[in-house]
Asker: 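Here it is, the structure in full.
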Amino acid sequence: MAWLWIAFVTIIWLLLKYGIRNQNFFLDRGVKFHDPLPFVGNSLRFFLNKENMKSHILKLCKKFPKEKIFGQFDAMKPILVVQDPELLKTLTIKEFDHFTDHQPVGVRDIDPLFSHSLIMLEGNKWREMRSNLSPAFTGSKMRLMSALIVEICEQMVDYLKTEAKEKGPQAYEMKELFSRVATDIIGTCAFGIKVDSLKERENKFFVTASKMFNTTSIKLAFKLIGIRIFPSVMKLCGIKIFDEIYKGFLKDLVLSNMKTRQEKNIVRPDMINLLIEAQKGTLEQITTPEKDSVGFATVEEIQSGPIAKKTSWTDDEIVSQCFIFFLAGFDTSSTVLSFATYELAKSPEIQEKLYEEAKVFHDELNGKPLKYETLQKMKYLDMVVSEALRMWPPAPATDRSRFALMEVKAMIFYLIVNFHFDLSDKTDVPMILAASFVGLKAKNGIWVKFRPRK
């Protein structure tokens, strides 16, 4: 029996040693840091779903308010947090070429839906993929895609006006409403399919997206925690973040669409077409930065020198890019829109000032659909969206995205010129955030009535 106890104690000792193996990482480098717990680092309450992401990050920052940088541990991984805006600007713009890799979710090749996307690739593979995909998100490409977004925005306005006419102004939960509209936008812009999720409540595209990105799922939470604490074990066991059924759904959708278009020579200004061009090497490369007025939330595209074009793409690489497009459009955009409408409904004077700006440009359009160039001219709208992002960041760190900003601004434009935003009594003021392992959510939802303007 003695040897069993010795083996047991040895295993426990080795596990604890493994769990604290990086605890001196910042101490050895002279950086102030939060003392970590074994295995979970500084994320215990976050992992236990006792606090939301925003509160978690703010709590970490408040301990070192005067430090430009400090250390914290995401599970057992040491993370250097940059608090100084000037240093952050230097790292993300001037020194961008030296800090290209994103923070991986576990090991980089743990899930096919993630592993080939821009946010998971590193080094030269990242540069190569970025060089091929960057032209897909220039101002000129966004202009072409904006017509598809506008079509869905007009579809949304028609639905809300019909509801108000038949039933009176209705209170809608913003996350649910904008998730449906964002699904329709992603459907037409990324996958080339027409969906109306406000009318067709149980359509397959929206239902699948809702299940895939269900941030309240205990199963998904356990997978994300496991991948962050024991990534190699999770990979060895073949546990992926997303079930195979979702990969199959997206793969069939993307590849069958691409095949049909190539066979029938169909051209449409959307993500599928851009991927076809990138796959063929015919997507026009950026030679000089475009001078769009993209506002506070974006910066000029930084060129990192000539990179060889990718000559062949695997199916998984193609589907990965569409997946990330899907994720950003479905969850991130709907979160930003939810909190932006909350702030506008809470502040009638700001809402009216935004309406006055929007009305000027709406009148100039003279009944024509909104144009990409019009959005770029709306300075107050840009300030409203930027302030909403500052106050209610959908993630502790986000990538700049022209498409997501265009989507958010277009929806706000169409809503503000057609409706007053009125807070429902069901909405908490001040806001109470839900304890959530993933994303930013209102505990009791954000309920807003859209009252048609006369």
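Since we're looking at a predicted model, the values are computed, not measured.
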Asker: Enumerate the salt bridge (Lys or Arg N to Asp or Glu O under 4.0 Å) contacts for residues 414-435, please, sequence neighbours excluded, ordered by first and then second residue.
Answerer: Asp422-Arg451
Asker: Run the side-chain hydrogen bond (donor to acceptor under 3.5 Å, both in side chains) test against Asp158 and tell me which residues pass, sequence neighbours left out.
Answerer: none
Asker: Give the intermediate values and the outcome of ring pair (Phe, Tyr, Trp, His ring centres under 6.0 Å) for residues Phe361 and Phe413.
Answerer: CA-CA 10 Å; Phe361 288 100; Phe413 173 84; 8.1 Å; no
Asker: Using ring pair (Phe, Tyr, Trp, His ring centres under 6.0 Å) as the criterion, list what pairs up with Tyr246, not counting sequence neighbours.
Answerer: none
Asker: Hey, what do you get for CH2 (Trp447) to OG (Ser424), rounding to the nearest 0.5 Å?
Answerer: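 If we round to the nearest 0.5 Å, Trp447:CH2 and Ser424:OG are 7.5 Å apart.
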Asker: By ring pair (Phe, Tyr, Trp, His ring centres under 6.0 Å), which residues pair with Tyr172, not counting sequence neighbours?
Answerer: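 Result, ring pair (Phe, Tyr, Trp, His ring centres under 6.0 Å) vs Tyr172: none returned.
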Asker: Looking at CD of Glu373 and CZ of Arg143, how far apart are the two atoms once the value is rounded to the nearest 0.5 Å?
Answerer: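 CZ of Arg143 is found 5.0 Å from CD of Glu373.
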Asker: For Cys189 and Ile149, what are the C-alpha separation, side-chain angles and deciding distance, and is it a side chain to side chain contact (heavy atoms under 4.5 Å, CB included)?
Answerer: CA-CA 7 Å; Cys189 291; Ile149 293 178; 3.8 Å; yes
Asker: Tell me which pairs pass salt bridge (Lys or Arg N to Asp or Glu O under 4.0 Å) where either residue lies in residues 250-261, with sequence neighbours left out.
Answerer: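 As it turns out, the salt bridge (Lys or Arg N to Asp or Glu O under 4.0 Å) pairs with a partner in residues 250-261, which skip direct neighbours, are Lys251-Asp316, Arg261-Asp270.
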Asker: I'd like to check the ring pair (Phe, Tyr, Trp, His ring centres under 6.0 Å) partners of Phe206; sequence neighbours left out, ordered by chain and number.
Answerer: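 In terms of ring pair (Phe, Tyr, Trp, His ring centres under 6.0 Å), with neighbours along the sequence ignored, Phe206 is linked to no residue.
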Asker: Just to verify, what does Phe403 make a ring pair (Phe, Tyr, Trp, His ring centres under 6.0 Å) with, not counting sequence neighbours?
Answerer: Phe325
Asker: For the residue pair Phe64 and Phe70, categorise the inter-ring angle as parallel (less than 30°), tilted (30 to 60°) or perpendicular (more than 60°).
Answerer: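 Phe64 and Phe70: tilted rings.
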Asker: Would you compute the distance between atom CD1 of Ile79 and atom CG of Asn42 and round it to the nearest 0.5 angstrom?
Answerer: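 The CD1 atom of Ile79 sits 10.5 Å away from the CG atom of Asn42.
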Asker: Inspect the contact between Lys68 and Glu86 and indicate whether a charged nitrogen and a carboxylate oxygen are less than 4.0 angstrom apart.
Answerer: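 No.
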Asker: If I take atom CG from residue Asp196 and atom CG from residue Asn203, how far apart are they, to the nearest 0.5 angstrom?
Answerer: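 Going from the CG atom of Asp196 to the CG atom of Asn203 covers 8.5 Å.
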Asker: Between CG of Leu337 and OG1 of Thr332, what distance do you get to the nearest 0.5 Å?
Answerer: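 So the gap between those two atoms works out to 11.0 Å.
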Asker: Do Thr162 and Lys165 have side chains that approach each other closer than 4.5 Å (heavy atoms only, starting at C-beta)?
Answerer: no
Asker: Which atom pair, heavy atoms only, marks the closest approach of Leu354 to Leu381?
Answerer: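 The pair with the smallest heavy-atom distance is CD1-CA, 3.6 Å.
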Asker: Mind checking side-chain hydrogen bond (donor to acceptor under 3.5 Å, both in side chains) for Lys359 and listing every partner two or more places apart, or none if nothing turns up?
Answerer: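 In terms of side-chain hydrogen bond (donor to acceptor under 3.5 Å, both in side chains), with neighbours along the sequence ignored, Lys359 is linked to Asp363.
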Asker: Take Tyr355 and Leu344 through the side chain to side chain contact (heavy atoms under 4.5 Å, CB included) test and state the conclusion after the steps.
Answerer: CA-CA 10 Å; Tyr355 167 70; Leu344 287 168; over 6 Å; no
Asker: Taking side-chain hydrogen bond (donor to acceptor under 3.5 Å, both in side chains) as the definition, give me every residue that meets it alongside Thr335, ordered by chain and number, with sequence neighbours left out.
Answerer: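 For Thr335, the residues satisfying side-chain hydrogen bond (donor to acceptor under 3.5 Å, both in side chains) (neighbours in sequence not counted) are Lys175.
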Asker: So do the side chains of Lys441 and Leu433 get within less than 4.5 Å of each other, counting heavy atoms only?
Answerer: no
Asker: Please examine the side chains of Ile446 and Phe339, heavy atoms only from C-beta on, and report whether any two atoms are closer than 4.5 Å.
Answerer: yes
Asker: What pairs of residues pass the salt bridge (Lys or Arg N to Asp or Glu O under 4.0 Å) test when at least one of them lies in residues 52-66, not counting sequence neighbours?
Answerer: Glu51-Lys59
Asker: Determine whether Lys211 and Asp243 satisfy the following criterion, side chain to side chain contact (heavy atoms under 4.5 Å, CB included), listing intermediate values before the conclusion.
Answerer: CA-CA 10 Å; Lys211 290 179 180 177; Asp243 293 341; over 6 Å; no
Asker: More than 12 heavy atoms of other residues, nucleotides or ligands under 6.0 Å from CD1 of Ile245: is that the case?
Answerer: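 Open: at most 12 neighbouring heavy atoms sit under 6.0 Å from CD1 of Ile245.
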Asker: Between Glu154 and Lys161, does at least one N-O distance fall below 4.0 Å, as a salt bridge requires?
Answerer: no
Asker: Check step by step if side chain to side chain contact (heavy atoms under 4.5 Å, CB included) holds for Glu343 and Met391.
Answerer: CA-CA 10 Å; Glu343 290 296 337; Met391 294 175 68; 3.5 Å; yes
Asker: Mind telling me whether Phe205 and Phe249 have parallel, tilted or perpendicular rings, with 30° and 60° as the class edges?
Answerer: tilted
Asker: Among all residues two or more places apart in sequence or in another chain, which pass the salt bridge (Lys or Arg N to Asp or Glu O under 4.0 Å) test with Lys443?
Answerer: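 So Lys443 forms no salt bridge (Lys or Arg N to Asp or Glu O under 4.0 Å) with any residue.
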Asker: Locate the shortest heavy-atom distance separating Ser43 from Ala75; write the atom from each residue and the value.
Answerer: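 Taking Ser43 first and Ala75 second, the nearest heavy atoms are OG-N, 4.0 Å.
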Asker: Looking at residues at least two apart in the chain, or sitting in another chain, which of them share a side-chain hydrogen bond (donor to acceptor under 3.5 Å, both in side chains) with Thr188?
Answerer: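 So Thr188 forms a side-chain hydrogen bond (donor to acceptor under 3.5 Å, both in side chains) with Arg268.
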Asker: Give, for atom NZ of Lys409 and atom CG of Leu375, the distance between the pair rounded to the nearest 0.5 Å.
Answerer: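 Separation between the atoms: 7.0 Å.
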Asker: Taking Glu176 first and then Arg201, would you say they form a salt bridge - that is, a charged N and a carboxylate O separated by under 4.0 Å?
Answerer: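 Between Arg201 and Glu176 there is a salt bridge, with a charged N closer than 4.0 Å to a carboxylate O.
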